[in-house]
Amino acid sequence: MTMPTTPASKVLDRVLVLEMVRVTEAAAIGASKLVGRGDEKAADAAAVEAMRAALNELAMDGTVVIGEGERDEAPMLFIGEKVGSAQGTGPKIDIALDPLEGTTITAKAGPNALAVLAVAEEGNLLNAPDVYMDKLAVGPGYPEGIIDLAKSPTKNVKAVAAAKGVDPSDIIVCVLDRPRHAELIAELRGLGCGVVLIGDGDVAGVIAVTNPETTIDLYMGSGGAPEGVLAAAALRCVGGQFNGRLLFRNDDERARARKWGIEDLHKIYTRDELAKGDCIFAATGVTDGSLLKGVKRLKDGLITTHSVVMRASSGTVRWVAGEHRNKS
C-alpha cells in the first residue's frame with residue numbers, strides 16, 4: 001500500500017524536526033538518573049522538569065493538548081499549559097507528550113521506557129482526556145479498513161491473516177500484560193496466535209507493528225488514551241492503521257471528556273482522526289528496548305542517547321545518536 005501524501009505544514013519546518021529530538025533527549029537524560037532506583041514519581045518528575053525547560057527554549061506558541069493531566073492534578077505540563085518562548089507571536093503548535101512513557105519500567109530498570117512527544121499545527125491532535133482507550137493497530141501494507149475495533153479480536157486476526165496469506169495461528173499480537181486482558185489473551189491463544197506480553201509502554205508496543213524485525217502483526221487491548229494519540233501520530237508518519245475508542249469507568253471521567261470537547265463518547269477514532277495533517281513524532285530511549293537504545297552514562301561526564309524522529313509530510317524517519325557532555 002502506498003503511503004498517502006500529506007501536505008507539508010506551513011507552521012512546522014525542518015528546524016523544528018530536530019528541535020523536537022533535543023526536547024525528548026533532555027527528558028530521557030533527566031529520567032535516566034533514576035533508572036533502577038525504585039521511585040516512579042521521582043523519575044517522572046525529573047523527565048517532566050527537563051522536558052518543560054527544553055520546550056520553553058523554543059521559539060513557538062505551543063499548547064499542551066496531551067499532557068501529565070489536568071491543571072489541578074499536574075504541576076507541570078498539564079493539559080492546556082502554554083509553552084515556548086514566543087507566546088502570541090510564534091507559530092501556533094499543539095503538543096502531545098509523555099515525558100516518561102514507562103515510569104514503572106524506569107523504576108525497575110526494565111526495557112522500552114521512552115521520552116515521547118508529537119507536534120502538529122493547532123487543532124490537529126485530538127485533545128483526549130486522561131482515561132483509558134481500547135486500541136487496535138496494524139502495520140503498513142494492508143488494504144484500508146482491514147482492522148475494525150467494532151469487530152471481535154478473532155475477526156480482526158482472521159482478516160489480517162487472510163490479507164497476509166497465512167493462517168491465523170501465524171499471526172503475532174502484542175498485548176499489555178494486565179488482568180483486564182485475560183479474556184483477550186485466551187481468545188488469541190485459542191486461535192493459535194503468538195501473544196507478546198509487555199509490562200508497560202504501549203506507545204512502543206503500537207509502533208512495533210510498523211517494524212518487520214519485531215514480527216508483531218497487531219496490537220490489541222486497552223491503555224492510556226494520551227498514549228493512543230501519540231501512537232497514532234507515529235503511525236501517521238510511517239504508515240499503518242489504528243483504531244481507538246475511549247473507555248470510561250465513571251461519570252466523572254465522562255464529564256472530563258465532555259469538558260475537553262469530546263461529544264460522542266462511543267466513537268471509534270481512526271488514526272487520522274486522532275492525528276491529522278502534517279505532524280512530527282520524536283522519541284528518545286530511556287532504557288534499552290526493541291525500538292531504541294537507552295541513555296548511557298559513561299566516564300568523564302559523557303552521556304549517549306538514541307532517538308528517532310519522524311515527519312508525516314515527507315515520510316522521513318531519522319535515527320539520531322547523540323553524545324552529550326557537561327550534563328548533570
Side-chain angles (χ1 to χ4, degrees), residues 12-37 42-60 62 64 66-68 76-77 81 83-85 93 95-103 105-107 109-120 200-201 203-204 207 226-227 230-231 233-234 237-238 279-311 316-328:
L12 308 182
D13 60 26
R14 292 182 179 181
V15 174
L16 195 59
V17 172
L18 291 181
E19 292 290 357
M20 291 302 106
V21 175
R22 294 187 179 96
V23 173
T24 56
E25 284 176 342
I29 290 170
S32 70
K33 293 180 286 187
L34 281 302
V35 170
R37 269 62 174 187
D44 190 47
V48 169
E49 183 178 355
M51 181 173 278
R52 187 173 191 257
L55 285 169
N56 279 327
E57 292 178 357
L58 302 183
M60 64 177 181
V64 176
I66 297 288
E68 289 288 284
M76 292 185 289
L77 292 176
E81 180 172 353
V83 293
S85 63
I93 293 173
I95 305 166
L97 54 84
D98 193 342
L100 183 55
E101 207 244 338
T103 54
I105 289 172
T106 302
N112 284 318
L114 302 172
V116 185
L117 65 76
V119 301
D200 208 345
V203 171
I207 297 173
E227 289 83 357
L230 284 161
C237 293
V238 297
C279 57
I280 298 168
F281 173 89
T284 299
V286 177
T287 60
D288 286 345
S290 57
L291 181 68
L292 295 165
K293 298 176 183 177
V295 176
K296 301 292 188 293
R297 291 177 171 268
L298 307 175
K299 63 180 182 179
D300 300 325
L302 176 64
I303 299 172
T304 63
T305 56
H306 189 210
S307 306
V308 62
V309 59
M310 315 169 182
R311 186 173 182 184
T316 304
V317 178
R318 289 183 173 87
W319 301 91
V320 182
E323 293 187 356
H324 313 262
R325 290 175 173 80
N326 300 319
K327 295 282 185 179
S328 60

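Sequential numbering from 1 along the given sequence is applied to the chain's residues.
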Looking at [atom1] of [X] and [atom2] of [Y], how far apart are the two atoms once the value is rounded to the nearest 0.5 Å?
X	Y	atom1	atom2	value
His324	Lys296	NE2	NZ	12.5 Å
Leu100	Thr106	CG	OG1	4.0 Å
Leu117	Glu101	CG	CD	12.5 Å
Arg325	Leu302	CZ	CG	5.0 Å
Trp319	Leu291	CH2	CG	4.5 Å
Leu230	Ile66	CG	CD1	7.0 Å

**4.5 Å side-chain heavy-atom contact, Arg318 and Val21** = no
Return yes if some donor-acceptor pair links the side-chain N/O of [X] with the main-chain N/O of [Y] below 3.5 Å, else return no.
X	Y	value
Thr287	Ala113	yes
Asn112	Asp200	no
Asn56	Val83	no

**Item:** Leu55 and its side-chain contact (heavy atoms from CB on, under 4.5 Å) partner, picked from Val119, Ile93, Val23
**Value:** Val23
**Request:** Considering only NZ, NE, NH1 and NH2 on the basic side and carboxylate oxygens on the acidic side, decide whether Arg22 and Glu19 come within less than 4.0 Å.
**Result:** yes
**Prompt:** Taking NZ, NE, NH1 and NH2 as the nitrogens, is one of them in Arg52 or Glu81 under 4.0 Å from a carboxylate oxygen of the other?
**Reply:**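 Yes, charged N to carboxylate O under 4.0 Å.
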